[in-house]
Amino acid sequence: MRRTIYLTLAAAIGAALAAPWGAAAALAQEGPVKIGLMGPITGQWASEGQDMLNVVQILADELNASGGINGRKVEIVVGDDGGNPKTATLAAQRLISEGVSAVVGTYGSSVTAAVQDIYDEAGVVQVATGSTSIALSEKGLKLFFRTCPRDDEQGRFLAATVKDLGFKRAAIVHDNTSYAKGLADETRAIFRDSGVEEAFFDAITPGDRDYTATITKIRAADPDVIVFTGYYPEAGLILRQKREMNWDVPMIGGDATNNVALVEGAGEEAAAGYYFVSPPGPGDIKGEKARRLLEAFRIRYDALPSSVWAVLAGDAFGVIAEGMKAAGTDGPAIAEYLHSGLQGYEGLTGPISFNEKGDRIGDVYSLYQVDAAGRFVLK
Amino acid sequence: MSFSPSVPGPPAGSPPAAPEARLPLPAKAAGVAAFFLIPVVLQKAGLGSAPYWLDVLNTVGLYAILALSLNVILGHAGMFHMGHAAFFAVGAYVTAVLNLDCGWPVLWTLPAAGLAAGLFAAVVAGPIIHLRGDYLLIVTIGIVEIIRIALTNDVFGLTGGPNGRMGIARPTVFGFRITRPQHFFYLIWFSVAVSLVLFRRLELSRFGRALRFIKEDPVAAEGIGINTSRHKLLAFVIGAVWAGFAGTIYAARMRTISPDSFNFSESVLLFTIVILGGSGSRRGVLLGSFLVMGLPELFRGFQESRLLVFGAALVVMMIFRPQGLLPPGPAAYMLPPPWDGAPGAGGARNGAFGGGADEAGGAGGPSPPAGGPAGTGTSGEGR
Amino acid sequence: MDFFIQQFCNGLTTGGIYALIALGYTMVYGVMKLINFAHGELFTLGAFLGYLLLVTLGLAGAVGPALGLALSIVTVSGLVAAAGHLLERVAYRPLRNSDRLAAVVSALGASIFLQNAIMIVWGSQYRAYSARLLPAVSLDVLGQPIPLIRILVFAAAAALMLLLWLFINRTRTGLAIRAAAIDQGAARLMGIDVSRVIAVVFVIGPALGGLAGLMAGLLYGQINFNMGQLYGLKAFTAAIIGGIGNIQGAMIGGLLLGLLESLGAAYVSVAWKDAITFVVLIMILVVRPTGLLPERVAEKL
């Protein structure tokens, strides 16, 4: 009996020790250049993570075909964060132990927050692709960058758009996720300064499905627009239930509603007229580089990436490769180059430069509206 | 309570009085020492992935501490408690707030975190402690949900809302800054060892025996004068205090905590560890932590079907081992040998017969001299 | 007042769905003293089987909305009942005489298994019930426009509950279920085949849960693989509020929970709605430790 536990423990530890042995043997000194990709390959946001991987893999294959980085081939090492901070810390340790000096990703802000310090302490450059929370670049980490915009930029654009569209009394609804709450707070603060009245401010629970009680309450507050900062499944449900209640108040959302599944969930009639602000979707990106990537993506996967975040992962890969060509494979040296050397690099989503915080400089947001056929039309 | 089949029949070479196939003390010490050498061995082997595997072990260790504390409530007192993440959360947030807003060094917040979690448990458990099994279960789930919602809604403006709190300082021990997985390995597994020893002593104490009696037959326990509510409440508080400590360690290791880390599924995970390993058995709980937290990491290759297999495995294991993988031994207490001040001689066998089947680490130190069969020994309490 | 009526109606629809799921929990609990944690996944399964029939196979388009709906109701309840029966055979029957906590963990394992099986079969994306079976019109209830689909869903839930109530109280099998719920041993001595009772309970409960899934799909138009987790937890709460093991209790508990949620959201805070619900639950249990309508069991000494 007693022996069983020791044997089991020994077996578990033995297995734990034996498993990585093969990986360690493969770790050669002058092999390919390893670049990490951290994304939600499984879990709730799996479709985002898988698109990220697909885009980066296409770009890496292209780069290798044209000679790689200073003659060395590039190898993508995948770390699945599952969209969960705890899984992510283990994934980060694993990527570091595989010997990467730079990492593309990841999508979720809270996930990035959990791994930033791990990468920083290990001297690994991280270029986040979908983590828009403001706090991430306010910690003073020298090795952190992102190709996506920050929530305050989106908040500014969203608030300005609401005002430009002529709305005076807004109901702000978020879903108490890190991202949606941040965007809602940002928008709310700007509304206060710009004279848009706040009729309602509260959070729904994702997954509830029945938002009629909330909609009825919002209706009683009598706004002339609903600003929803959460994700597309709930946006679709609200649009649908709002329509069932014969209430035709306009609604505007943030970039997390930029997903075709929004229209499927709401139904075309209910979705028609819905506004959202977002970086240009994969189909609206101009430029030769993006066109080539999307063509390659279509050939290989028979579809377009379902959102822009995967394309931003491609840009993260691009700047890392650029940094490695210029500064070698040492993390801090790459970071140094990205901060000061890289100016107006021609990325998939336009020119890329970073400020001292590691945030991308420049304007990326546009306004979209859903038309009667359920298509997203750039305004 | 079933009898573990391996209890009778002492192996050759051990004295007949020894109740169990115990490993001799040196072997046990060697085992513990070998375990604590893992980081060194991993480093020396030049294994690039050493930090990763140490981090996996750290996760296992952290959950072992939590599950051991839940074991007091669920395994020993027999209360269906599926809300342990709430106390864990209180501890972690107290540490975060004291460190970030008041500038306390992380490890100095440990007592405060435990105290806060314990106080919280005492306040919420008071009115609900008398609820029958499944009613208690839903109420404890409710407590976890209330806590999570409160944390998400930035209660008192301290919890940071859905973002949680970021940038918790690294812990220092005697001036040494704990940063890397191998450092945390020692911090966490030392805590596991301390927990094992303390919970063993708790189980063998008068209080622990009273709990076991309450679990087996609450009416009889009440009948001989044990104040069952008070004992249950105390078990709840002890478990919560320990979960609060674990919260401090968690906050120090993650440096960022957010409400998502303390949800209902987390409580379910802990519940599963205890029942799967063997409710009431420390060795079982330890094994459960390795299985529930460690195995999924070994199966990282099969991402999509990983949890499918895990769910099926839970069903199968429960069907074949309904008592858990390593259930505790039978509750047969021996009258202690006359207290002649010779703990060295009595130490190994002091305390329990089958109870010895039930310990994982630590040399069986002398248990408190006051003992006797579980029933009569507690007659003085609860008047 | 209009606001109150509107919110009251909102609450009743959600409550009706909660009540249907809660019935499955409470029936199983009444007879077996087991919390069937996999019940929420049977609800999800019902929603996805409805999706398969109505959207993927286009049943409503092929045979007309009314017949299509009737066919899917029969098929979904039949298939989910079969799944429930299988679940009982595989995961619970071997544990019938074991420790109750072992059965709880087995139920949790079955829940994880089913949820991931559904994810692997249908994927992790949200699926839309795009089939519009009913005209999007509203009826006037006390001066308030209430969507027709909501009225129908509530009516269907009420009808199912009435049928169940008649079955339990007016048939011999129902009598056997009530007897087994009070005392399995005594029921066995009275010549009741308890295994058969359990089998019946594990057919009716899942069938109702599966139908609730189909209704949720039609009502909200959007389903995904883990929807049963939240609904299962809420329905379990409802069953406990009513007094688990008591069938009327589950109905009352479900409706009460729906109302609590909508009125809590309406008059206090949307973000704190679920916390309010749980606080009320705890208060109810502090005052009445076995719920509003407790199951009839003699406390064993």
Side-chain angles (χ1 to χ4, degrees), chain A residues 1-6 8-10 12-13 15-17 19-21 23-24 26-27 41-43 46 80 82 84-87 89-99 109-110 113-118 121-122 133-136 138-139 174-182 185 203 205, chain B residues 4-7 20-23 27 31 35 38 41-42 45-57 59-60 149 152-153 161-164 166-167 179-181 253-261 283-284 286-287 290-291 294-295 297-298 300 303-304 306 325-326 329 356-357 360:
Chain A
M1 200 58 193
R2 169 157 296 268
R3 213 158 279 148
T4 342
I5 181 170
Y6 284 103
T8 326
L9 277 184
I13 294 164
L17 294 182
W21 222 273
L27 206 153
I41 310 295
T42 63
D80 175 20
N84 170 333
K86 239 173 300 180
T87 316
T89 53
L90 293 178
Q93 293 288 3
R94 197 179 172 87
L95 287 179
I96 293 166
S97 65
E98 293 277 347
S109 290
S110 54
V115 297
Q116 274 183 309
D117 295 303
I118 298 177
E121 278 165 14
S133 167
I134 299 163
L136 297 175
E138 297 291 337
K139 291 177 173 175
H174 62 99
D175 65 5
N176 249 337
T177 57
S178 185
Y179 155 80
K181 176 78 176 2
D185 283 343
T205 309
Chain B
S4 165
S6 65
V7 168
E20 242 282 4
R22 322 184 57 143
L23 282 178
F35 187 78
I38 287 177
V41 174
L42 281 177
L47 221 54
S49 56
Y52 165 69
W53 289 104
L54 285 175
D55 236 20
V56 172
L57 285 179
T59 308
V60 171
I149 292 168
T152 310
N153 284 312
N163 277 321
M166 298 181 187
T179 53
R180 308 209 158 267
R253 173 168 167 243
M254 296 294 288
R255 304 197 62 197
T256 297
I257 54 171
S258 64
D260 286 347
S261 309
R283 295 182 310 153
L286 205 57
L287 177 64
F290 269 96
L291 291 179
L295 280 189
E297 283 300 321
L298 287 179
R300 256 181 181 268
Q303 276 292 359
E304 235 198 1
R306 179 170 75 146
L325 296 174
L326 293 173

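Proteins come first, then strands; the chains are lettered A, B, ... in the order of their sequence lines, and each starts at number 1.
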Report task. Begin from the C-alpha positions of Asn163(B) and Lys181(A) and carry the test side chain to side chain contact (heavy atoms under 4.5 Å, CB included) through to its verdict. Result -> CA-CA 9 Å; Asn163(B) 277 321; Lys181(A) 176 78 176 2; over 6 Å; no
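- For Arg255(B), the salt bridge (charged side-chain N to carboxylate O under 4.0 Å, His left out) partners two or more places apart in sequence, or in a different chain, are Asp117(A), Glu121(A).
- Annotation: the span from Thr205(A) atom OG1 to Ile149(B) atom CD1 amounts to 6.5 Å, rounded to 0.5 Å.
- The greatest number of non-hydrogen atom pairs below 4.5 Å with chain A, out of Thr152(B), Thr256(B), Val56(B), is found for Thr152(B).
- Closest heavy-atom contact between Gln93(A) and Tyr52(B): CB-CA, 3.8 Å.
- The minimum heavy-atom distance between Ser178(A) and Pro162(B), with the atom names listed, is N-CB, 3.6 Å.
- Residues Lys86(A) and Ser261(B) approach most closely at NZ-O, 3.9 Å, considering heavy atoms.
- Here the straight-line distance linking atom CD1 of Ile118(A) with atom CG of Asp55(B) works out to 6.5 Å at 0.5 Å rounding.
- With a 4.5 Å cut-off on non-hydrogen atoms, Ser109(A) does not touch chain B at all.
- Heavy-atom distances place the side chain of Pro181(B), and not its backbone, under 4.5 Å from chain A.
- The contact between Thr89(A) and chain B is made by backbone and side chain atoms together, counting heavy-atom distances below 4.5 Å.
- Of the residues considered (Ala92(A), Ala113(A), Gly82(A)), Ala113(A) shows the highest number of contacts with chain B, using heavy-atom pairs under 4.5 Å.
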